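Have a look at the structure below before the remarks.
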Amino acid sequence: MKSKEIAHRFDQIADVLEFLGENQFKVGAYRKVARTLSDLTEDIEVISREGRLREIPGVGEGIAQHIIEYLDTGKISKYEEELKRVPPELIQLMNIPGMGPKTLALANKTLKVRNLADLKRVIEDGSLAGLPGLGEKKVENIRKGIARFEAVKERIPLGLALPLVETIMAGLKKGFKITMISPAGSLRRMRETVGDIDILVGSSQGKKMVEVFTHLPMVKEILAAGETKGSIISDEGFQVDLRVVPEKAFGAALQYFTGSQAHNVKLRGIAQKTGFKVNEYGVFRGEKLVAGKTEEEVYESLGLQYMPPEMREDRGEIELAREGKIPRLVEVSDIRGDLHVHSRHSDGTGEIEDIAKKAKEKGYQWIAICDHSKSAKYARGLPESEVLKVIEEIEELNGKLKGIRVLAGVEVDILTDGSLDFPDRLLKKLDLVVGAIHQGFKKDVTRRMIRAMENPYLKIIAHPTGRLISSREGYEVDIDAVMAKAAETGTALEINAHYDRLDLDDLNVMKAKKKGVKLAIGTDAHSVGMLEYMRLGVAVARRGWLGPEDIINTSSAEKIKGWKKA
DNA sequence: GCCGTTTTCGGCCCGACTGTTTTCAGTCG
C-alpha cells in the first residue's frame, strides 16, 4: 500500500505547484503519475528493488528519485519545505467550484486569505470583488460554490445511481421517440461510486427535451436548462446532467463524455501524432469529418479496436486495442447462477422457493443458498440440526421445481483460530461452502483465512477485504498472501456484489487474475429483490478485465457440486 | 516533469462557458 501513500504525496505536490503557478504540464505530470501509482497492482517496493521504476508510465528520472527517497525515509525532501509553507486548509479551497488556483493565489497574496473563514470575510466586506479580474458576478458564483462545497454530498453508490438513471431515461422516452440515448461518465464505466450522473441523447430537439427532463417527477431543483444541456438535483439529492447532441455526433460525444479523462487524454495524444483531431463532435483530419456517429467508428478511425466502457481507465487498454487484443469480457448473460444468497432461515427475508423462482426468471440454471452458521448470532446463524433440515427442504424443492437447481450451501464463519464454525462431517454434506470473517477484524485475519483455505470443503472466501464503501476500511489483511494461498489451494475469492461492498474491487480482481485465482460472484442477497445486484458484481469483474473463464458463475451446477480443490 | 512513428528539445487534449474584458483569462468537464 506504499504506492497509495506515494500517490497521495504526489497529488499534494501537484496541488501546491498548481497553487504556486508552476508550469501546468509539470503539475499534470505529478497528477498523472499519482493516478498510475494509486492504480498499481504490483508492490512498488518490489518494483523499486528490481530497478524497474522507470518502466512505470510517467515515472522519469526525477520522480523515480522521489519514490526511492520515500521508500527509504518516508519523506520527499525536495517538497517538505514547500508543503509546510502552504497550509492544507488553504489548498482545500481550490475544491470550491468557481475557485481555481489563480483566484486563490491572488486572494491569498493581496487579501491574506488563508482559510474558509477568511474567504467568507473578504466576500462579505466586498474586497474580493474589488480585485482585478473579479467582479460582483464572479464573487456571487464563488459564494454559491462555497454553499455547495460545504454541503458536499458523498459520492453516489453505483447501485443507487443505476435505478435512478433508468427511471429518468424511461421518462424521457415517454415524451420522445429517441433511438440514441445512453448514460455516460463514470456511471457508464460502472465505477463503484459516481460523482454525478450523466445522460447523453442524440436528437435535434434539445430545447424541448431539456424542458421535459427538468420537469420529471423526481426533480427537486433545476440548476440549469439551456438548448443543449440541463442539470437537476433529484429528490434523493443526486445531481443529474442531460446533454443533447446532434445525431451525427452521438458516437463522438458518447466517447467524449464517457471518459475517463485519462483515457481521453491518451486517445487525443495518439490522434494528434497521426494527424487527426478528436473532439466531442467527431474525429477530423484537417477540416474533414472522418468519424462521429458511433463510438466504434471513432475508435476504428484511429486504428484502435473498440473498448468496453468499463476498461477505459488508461490502465493499458489503449495499448491492447492498438494490437487488436481487447479481451472478451464476461457479460451478465454468461452468468448461470448466484453463489451467495441468504434465505429467511437466517437473516434473509425470502423463502427458498421464491428465490429459486426468481433465479429461474433471471435465466439462471442454479442458485446457491448460503445461510449463516451458528456463531453468527447477530445474523440468526443456524445450528447444525437446522442446516440438515434446510438440506432436506432443498432436496424436496429440487424434486418439484423444473428448470432451476437449488444448491445447498452455507456461509460459514471463520473463527478466531482459523477453524470453521461447522465440522467437516456437516460441510461435506453440502453442495457449496463459503467461508467468511464476521468477527475479530483485527485479529490475525490473514493467518485465519490461510488456515481456512486449507480445509478441502471451503471453496470460496466471501468479501475477502471486509471493506464497506460507505463506512469501513476493512480487515487488517495481507490480501497478496491470501491470493497466493487461494491460487495454491484452488480456492475462489468472492466478488461480493452488494453495492456497499463490491469486495474484491476492480484492481484486486485484476491482481487475482494475474495470480491465477478464480473469482466467484455472489450478491449476498438478503431478499429476492437483491438478486438484481448481480450486474454490479459483473461490472467489477469487467473492470478487472475478467472473461467468462475466470468466473465460477459461468459453470454448470454439476461442475460446482463436483468441484474439487487443488 | 515526462517523453519520442517529427523530436533528446519543445512540445504536452480540447472546447464551452462566463465574466471581465476591448481581445482574453480562468475555470470546468
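Every chain is numbered from 1 and lettered A, B, ... according to where its sequence line falls, protein lines coming before strand lines. Quick caveat, the model's predicted, so the values are computed rather than measured.
- Separation of the P atoms belonging to B/dT27 and B/dT21 is 15 Å when rounded to the nearest angstrom.
- Using modelled atom types, no side-chain atom of A/Ser127 and backbone atom of A/Ile123 make a donor-acceptor pair closer than 3.5 Å.
- Comparing the same atom, C1', in B/dT18 and in B/dT23 gives a spacing of 15 Å after rounding to whole Å.
- Ranking B/dC14, B/dC13, B/dT27 by closeness to the A/Lys277 side chain, first place goes to B/dC14.
- Here the side chain of A/Lys137 is nearest to one of B/dG19, B/dC28, B/dG15, namely B/dG19.
- If you take CG of A/Leu106 and P of B/dG26, they are 9 Å apart, rounded to a whole angstrom.
- Between the CG atom of A/Leu162 and the CD1 atom of A/Ile197 there is a distance of 8.5 Å, given to the nearest 0.5 Å.
- Comparing the same atom, C1', in B/dG19 and in B/dC12 gives a spacing of 28 Å after rounding to whole Å.
- For A/Pro97, the side-chain atoms get nearest to B/dC28 when compared with the rest of B/dC28, B/dG29, B/dG26.
- Among the protein residues, A/Leu134 comes within range of the sugar-phosphate backbone only, with heavy atoms under 4.0 Å from sugar or phosphate atoms but none that close to a base.
- In this entry B/dG15 has B/dC28 as its Watson-Crick or G-U wobble partner, both defining distances falling under 3.5 Å.
- On the C1' atoms, B/dT6 is 11 Å away from B/dG11, given to the nearest whole Å.
- Summarising the geometry, atom CZ belonging to A/Arg155 is positioned 4.5 Å from atom CZ belonging to A/Arg191; distances are rounded to the nearest 0.5 Å.
- Under the 30°/60° scheme for interplanar angles, the aromatic rings of A/Tyr306 and A/Tyr299 are found to stand perpendicular.
- Ion pairing between A/Glu319 and A/Lys266 holds under the 4.0 Å rule for side-chain N and carboxylate O.
- When the C1' atom is used for both B/dC13 and B/dC2, the distance is 16 Å, rounded to whole Å.
- If you check distances only, the side chain of A/Tyr281 never reaches the base of B/dG15 with a donor-acceptor pair under 3.5 Å.
- At a cut-off of 3.5 angstrom, counting only N and O atoms as typed in the model, there is no donor on one side facing an acceptor on the other between the side-chain of A/Asn141 and the base of B/dG19.
- Annotation: B/dT20 and B/dG26 have their C1' atoms spaced 10 Å apart (nearest Å).
- Following rounding to the nearest Å, A/Gln255 (CD) and B/dC14 (P) show an atom-to-atom distance of 13 Å.
- For the pair A/Thr228 and A/Gln261, nearest-nucleotide mapping onto DNA chain B gives the more 5' position to A/Gln261.
- Taking atom C1' on both nucleotides, B/dG1 is separated from B/dT8 by 15 Å, rounded to a whole Å.
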Which protein N or O atoms sit under 3.5 Å from an N or O of nucleotides 2-8 of chain B?
unit_1	atom_1	unit_2	atom_2	d
B/dC2	OP1	A/Gly60	N	2.7
B/dC2	OP1	A/Gly60	O	3.3
B/dC2	OP1	A/Ile63	N	3.0
B/dC2	OP2	A/Gly62	N	3.4
B/dC3	OP1	A/Gly58	N	2.8

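- Between A/Tyr499 and A/Tyr533, the distance from one ring center to the other falls under 6.0 angstrom.
- Within the nucleic acid shown, A/Ile96 comes within 4.0 Å of sugar-phosphate atoms alone, with no base atom in reach, counting heavy atoms only.
- A/Gln65 comes within contact range of no nucleotide atom at all, as no heavy-atom separation falls under 4.0 Å.
- Formation of a donor-acceptor pair under 3.5 Å by the A/Gln305 side chain with backbone atoms of A/Ile326 is found in this model.
- With hydrogens and angles left out, the side-chain atoms of A/Thr41 and A/Lys514 include a donor and acceptor closer than 3.5 Å.
- When the nucleotides B/dG19, B/dC13, B/dT27 are ranked by their closest atom to the side chain of A/Pro101, B/dT27 comes out on top.
- Candidate nucleotides B/dC28, B/dC13, B/dG15 were compared by shortest atom distance to the side chain of A/Val265, and B/dC13 ranks first.
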